[in-house]
Amino acid sequence: MKLRSHTVTQGADRAPHRSLFNACGFTAEEIARPLIGIVYSFSEIVPGHIHLDKLAEAAKAGVYMAGGTPILMPVIGVCDGIVMGHGGMRYSLASRELIADSVETMAAAHCLDGLVLIPNCDKIIPGMIMGATRLDIPSVLVSGGPMLAGRKDGKTINLNTNFEAVGAFKGNLIDEAELRRIEEASCPSCGSCAGMYTANSMNCLSEAIGVALPGNGTIPAVYAGRAQLAKRAGMKVMELLERDLTPRDIINEKSIRNALAVDMALGCSTNSVLHLLAIANEAQVPLSLETINEVSGRVPNLCHLAPAGPHHMQDLHEAGGLPAVMRQLLKAGYLDPSAMTATGKTVGENVEGATNRDASVIRPIDNPYSAAGGIAVLWGNIAKNGCVVKQSAVAPEMMKHSGPARVFDSEEQAIESIFGGKIVAGDVVVIRYEGPKGGPGMREMLAPTSALAGMRLDKSVALITDGRFSGASRGASIGHVSPEAAEGGEIGLVREGDVVEIDIPNHKIDVWVSDEEIQKRAKEHRTPAPRVTNGWLARYASQVSSASTGAVMSFNGLKAKAQ
């Protein structure tokens, strides 16, 4: 078998190259074998990543057992929780592109034969998948797994409980001692935060789309099964190399639609829309917001994990995990069983025999939480290219809402007003100039949504932004408004007191202002100066596309086109 690595390891003219491998401690036998990159995002500042060095060693063992030579390659990773609510969040989504570029650079430059991808948190997962898809060499993803939920006073809690407790404290609903007790109990182990937030959404969707092995989405980080899964991933990549089965053999229209169906059944984070669009773009698979709504309209929502409900990832795992969910969807005709996966088998073969062991965690297909899926895309005169809401986490009374706009040009302004008691029931908080270009970086808005929830306003106040919401956000939190304000989008023309109408069931969002008035405001409007004018974020702002196309990078002035 002709290997890519032979370019740097074979022949007399590669003697200098082999000498450099020698300098790294590789033996002649190791240099002659397939070279497999173990791409991992270990660091000591991200709880989802602090154990990934151990999983990388397990994956290395798997590669060795199957006859390959594993080579560790680190990439960066931002902790969305630690960067939440301040300027550091601008780097989070943008880092997805750096990670994809790093995977491409290291694997292509060194002529690697395959990859085991070991991420665990928000942007790192799609970034690694995007890089591997761009390279199109045999690759298997194994994540670090979810954190265990915390326990306090006999109840399960999580990081989101902590964010909402800040709002409760600011609203004088709890004291500082209670806040500290929540702080100390909410994150009891390593792993990706315990609910169906963005990290676990993407870990589950990696399994659903087929680039990760069964169990990837739900085996807790601290379980022995997680290390065993990493070893199997290391062995499996060697099998994929033998068969020359690559990401673009797996990621196609069938698997993207399968992932969307699972997304809707689980009630995943709205960020999954951005990332699936970006992954589809790398795989050259047509995907649009209209397709997402079409799938959402027919696939029922079966799970209410935090923040939508009381369950956590360990509960989903014990109920049967993704195979149990996918088996139900397949039997109802919502999945294509023929889609190939990284197991070397089809989706149908992977989930054969899976059972739902807890109908309170995974509802039966004939008794869903809702007939529609977890995510909805809305359109209107302030979101002509669409916006996104996690409808499974919206209270019934907020599915339709109208109220006066409370307008802010940054997250910080909105937070100050919320904590100052200036937002009241019925309001619609509008936060703009936080999109991919305007932020730049499309910051997540967990702080304002959690503040409102902690102050018990999440069932009476809506939020709209051209930025993003965390997967931990709940309530009528509508993000990704496109076009964004920094690109002249109509959200930038909304004024204080304008009435905004939200109709999630009918996929509509409008401001009660005439077309003539909007045109008049557009002529008078002046876009604020860019917030960031140096460093790589400035370069990102100049090249990033709209949220409606996944906030992917554009080159040579060419933007990603909506499919």
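Since we're looking at a predicted model, the values are computed, not measured.
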* To do: For the pair Ser269 and Thr198, evaluate side-chain hydrogen bond (donor to acceptor under 3.5 Å, both in side chains) and give the outcome as yes or no after the intermediate values.
  => CA-CA 5 Å; Ser269 164; Thr198 305; 2.8 Å; yes

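- In this structure, the side chains of Ser546 and Glu484 stay at 4.5 Å or more apart for every pair of heavy atoms.
- By the 6.0 Å contact criterion, CD on Glu44 is open, its count of non-hydrogen atoms from other residues, nucleotides or ligands being 12 or less.
- The residues Arg432 and Glu487 are annotated as not salt-bridged, no charged nitrogen and carboxylate oxygen being separated by less than 4.0 angstrom.
- Counting heavy atoms of neighbouring residues, nucleotides and ligands inside a 6.0 Å radius, atom CD of Glu416 does not exceed 12 of them.
- Between Glu183 and Arg180, at least one side-chain nitrogen of the basic residue sits less than 4.0 Å from a carboxylate oxygen of the acidic one, meeting the salt-bridge criterion.
- At least one side-chain heavy atom of Ile375 sits under 4.5 Å from a side-chain heavy atom of Val273.
- Within 6.0 Å of CZ in Phe408 there are more than 12 heavy atoms belonging to other residues, nucleotides or ligands.
- Using a cutoff of 4.0 Å between basic side-chain nitrogens and carboxylate oxygens, Arg474 and Glu164 are scored as salt-bridged.
- In this structure the side chain of Met84 never reaches within 4.5 angstrom of the side chain of Glu411, judged on heavy atoms.
- The distance from the CD1 atom of Ile129 to the CD1 atom of Ile251 is 6.0 Å, given to the nearest 0.5 Å.
- Atom CG of Leu452 sits about 4.0 Å away from atom CD1 of Ile418, to the nearest 0.5 Å.
- A salt bridge is defined here as a Lys NZ or Arg NE, NH1 or NH2 lying under 4.0 Å from an Asp or Glu carboxylate O, and Glu444 with Lys123 meets this definition.
- No more than 12 heavy atoms of other residues, nucleotides or ligands sit less than 6.0 Å from atom CD of Glu176.
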* Go through the steps to decide whether Asn200 and Ser192 satisfy the test side-chain hydrogen bond (donor to acceptor under 3.5 Å, both in side chains), and finish with yes or no. => CA-CA 7 Å; Asn200 289 323; Ser192 46; 2.6 Å; yes

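- Counted within 6.0 Å of CG on Leu20, heavy atoms from surrounding residues, nucleotides or ligands total more than 12; the atom is thus considered enclosed.
- For CD of Glu412, the number of neighbouring non-hydrogen atoms (other residues, nucleotides, ligands) closer than 6.0 Å is greater than 12.
- Closest approach of Leu274 to Arg96, counting heavy atoms only: O-NH1, 3.6 Å.
- Under the 4.0 Å criterion applied to side-chain N and carboxylate O atoms, Asp101 and Arg134 are assigned as salt-bridge partners.
- Between Arg406 and Asp427 there is a salt bridge, since a side-chain N of the basic residue sits under 4.0 Å from a carboxylate O of the acidic one.
- Electrostatic pairing of Arg521 and Glu516 does not count as a salt bridge here, judged by no charged N lying under 4.0 Å from a carboxylate O.
- Within the 4.5 Å cutoff, no side-chain heavy atoms of Ile36 are placed close to those of Ile71.
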